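Just below is one structure, and these are the notes that go with it.
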Amino acid sequence: ADEAARHDFHEALPQSRRRGLALGSIAMAVLLLVVAVFARDLVHNVARRLLQPTSRLARYTFVAVGSVPSVLVVPRDESVDWTVGLDSSSRWFPATATLHVGDRSVAGTIAASNRLEKSSASNLLAEYQFEIPPLIEPIDASLRVGDAKRQVRIEPKLRPEAIEIVSRVRLPDYLSQSVESRDVRQPLIGDVIESVEGSVVMIDVTTSSPLRDAFVDGVPVTVQGNQFSCLVLDRTMQGPRRAGIDWIDQDGLYARNPIEIELVRVPDRPPTISVLIDPVLSDPIPDQVLDSQSLRFNVTTADDLVLPRSE
């Protein structure tokens, strides 16, 4: 016992790790506190995923991508620019993003000006511009921005084209009794429409696919399916002037070739009458004609509109 009392048996024990474990625990607690303060959404998301393992709760990402459609319709066989924005709740703004289209990768670069100042028109703080290559068949694409991923189906489609364009000219009131119909309809040939002063000009358009919107000089007009009618010249308007007609289909595709029409006013010219003697059927007109004699001649009338009859 005396011999044992002279020795410190603590020296024979293995070195204690309590100090290291305590420091590690403190560091972990500080780290968790920092994460809880500065990334509360992350902690909340992780806790919900742990408590609801069978739920389809999306994984938290520091990059918050704005609205991305599940199906993106693009014009067939055309390269097109596509913009993807980051939401204002995003915690990270990567310098680049990548869009994988089949076996091709398209890089998108962030617009530096948008990273510094929030746009007043939307909640987007950053935008990435991608140039989607020409496609003729639907294809699945994968978007990656930082730690965020999105899947999108890209479907190429033909643009809405005009298959029928009819001009409809409503003549002035004073001509309503002189012509068979006040509305003169005819297919539009070329890009110039001449109308008599005081008339109204309408355009009826039929397109290859159902429409969402149509515009005349930027002003919306009502559409019905794949058709719409628009006023391009009223009674008070004087020509010449140009009218631009454009439309968008239900998938957001614009017309490849919008309509540009020049409208020209022309005066209502008086009719002309021509009297011609047929030299074969009639003798030359004598200086004096008796009551018993008759003359044979042809009368021709012409008018810029429709002359119903001549008397």
Side-chain angles (χ1 to χ4, degrees), residues 28 30-159 212 248-254 256:
M28 182 64 68
V30 171
L31 178 60
L32 292 176
L33 179 62
V34 171
V35 172
V37 172
F38 294 99
R40 287 176 295 179
D41 294 338
L42 172 61
V43 175
H44 185 258
N45 180 270
V46 171
R48 289 186 60 188
R49 287 167 61 89
L50 289 175
L51 295 175
Q52 303 175 7
T54 60
S55 67
R56 295 185 178 182
L57 185 65
R59 178 178 62 89
Y60 177 83
T61 59
F62 289 96
V63 175
V65 179
S67 177
V68 176
S70 58
V71 177
L72 176 64
V73 178
V74 299
R76 178 185 171 91
D77 203 21
E78 296 182 36
S79 61
V80 61
D81 292 333
W82 184 45
T83 300
V84 175
L86 299 187
D87 193 76
S88 58
S89 61
S90 184
R91 300 271 183 168
W92 179 22
F93 301 92
T96 59
T98 305
L99 179 67
H100 297 281
V101 183
D103 58 354
R104 290 171 287 187
S105 295
V106 181
T109 304
I110 192 172
S113 59
N114 290 340
R115 296 176 64 181
L116 303 177
E117 182 177 358
K118 181 177 177 179
S119 170
S120 60
S122 66
N123 293 326
L124 301 181
L125 285 174
E127 291 183 340
Y128 299 88
Q129 189 85 13
F130 299 93
E131 184 178 354
I132 300 177
L135 300 171
I136 59 175
E137 297 290 341
I139 193 170
D140 292 322
S142 175
L143 171 68
R144 185 180 184 93
V145 186
D147 60 344
K149 294 181 180 180
R150 295 289 187 275
Q151 299 295 322
V152 58
R153 176 82 169 172
I154 303 179
E155 294 187 356
K157 176 187 172 184
L158 293 174
R159 290 184 180 272
R212 186 181 71 192
I248 309 173
D249 71 5
Q250 294 182 351
D251 293 309
L253 297 183
Y254 285 80
R256 185 193 301 272

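Just so it is clear, the model here is predicted, and its values are computed rather than measured.
With rounding to the nearest 0.5 Å, the separation of CZ in Arg76 from CD in Glu137 is 6.5 Å. Note that the CG atom of Leu158 and the CD1 atom of Ile136 stand 11.0 Å from one another [nearest 0.5 Å]. Taking CG of Asp147 as the start and CZ of Arg91 as the end, the distance is 12.5 Å to the nearest 0.5 Å. Taking CD1 from Ile132 and CD from Glu78, the interatomic distance works out to 12.0 Å, rounded to the nearest 0.5 Å. Separation of atoms CD1 (Ile154) and CD1 (Ile139) is listed at 7.0 Å; rounding is to 0.5 Å.
Side chain of Arg153 to main chain of Ser70: no donor-acceptor pair is present (N/O by atom type, distance under 3.5 Å, no hydrogens or angles). At distances below 3.5 Å, not a single donor-acceptor pair connects side-chain atoms of Arg144 with backbone N or O atoms of Lys149.
Side chains of Val84 and Val65 form a contact here, defined as non-hydrogen atoms less than 4.5 Å apart. Contact check for Ser79 versus Pro133: no side-chain heavy atoms found under the 4.5 Å cut-off. Considering only heavy atoms from C-beta on, Leu99 comes within 4.5 Å of Trp82 through its side chain.
The minimum heavy-atom distance linking Asp249 with Lys157 is given by the pair OD2-NZ, 3.2 Å. The minimum heavy-atom distance between Ser90 and Ala64, with the atom names listed, is OG-N, 3.2 Å. Of all heavy-atom pairs spanning Pro69 and Val152, the tightest one is O-CG2, 3.2 Å. Val63 and Ala148 make their closest contact through O-CB, 3.6 Å (heavy atoms, listed as atom of the first residue, atom of the second, distance). When all heavy atoms of Ser105 and His100 are compared, the pair lying nearest together is OG-ND1, 2.9 Å. Nearest approach of Leu253 to Val74, heavy atoms of both residues: CD2-C, 4.0 Å.
Looking at Leu86, Thr83, Thr96 one by one, the single match for side chain to side chain contact (heavy atoms under 4.5 Å, CB included) with Tyr128 turns out to be Leu86.
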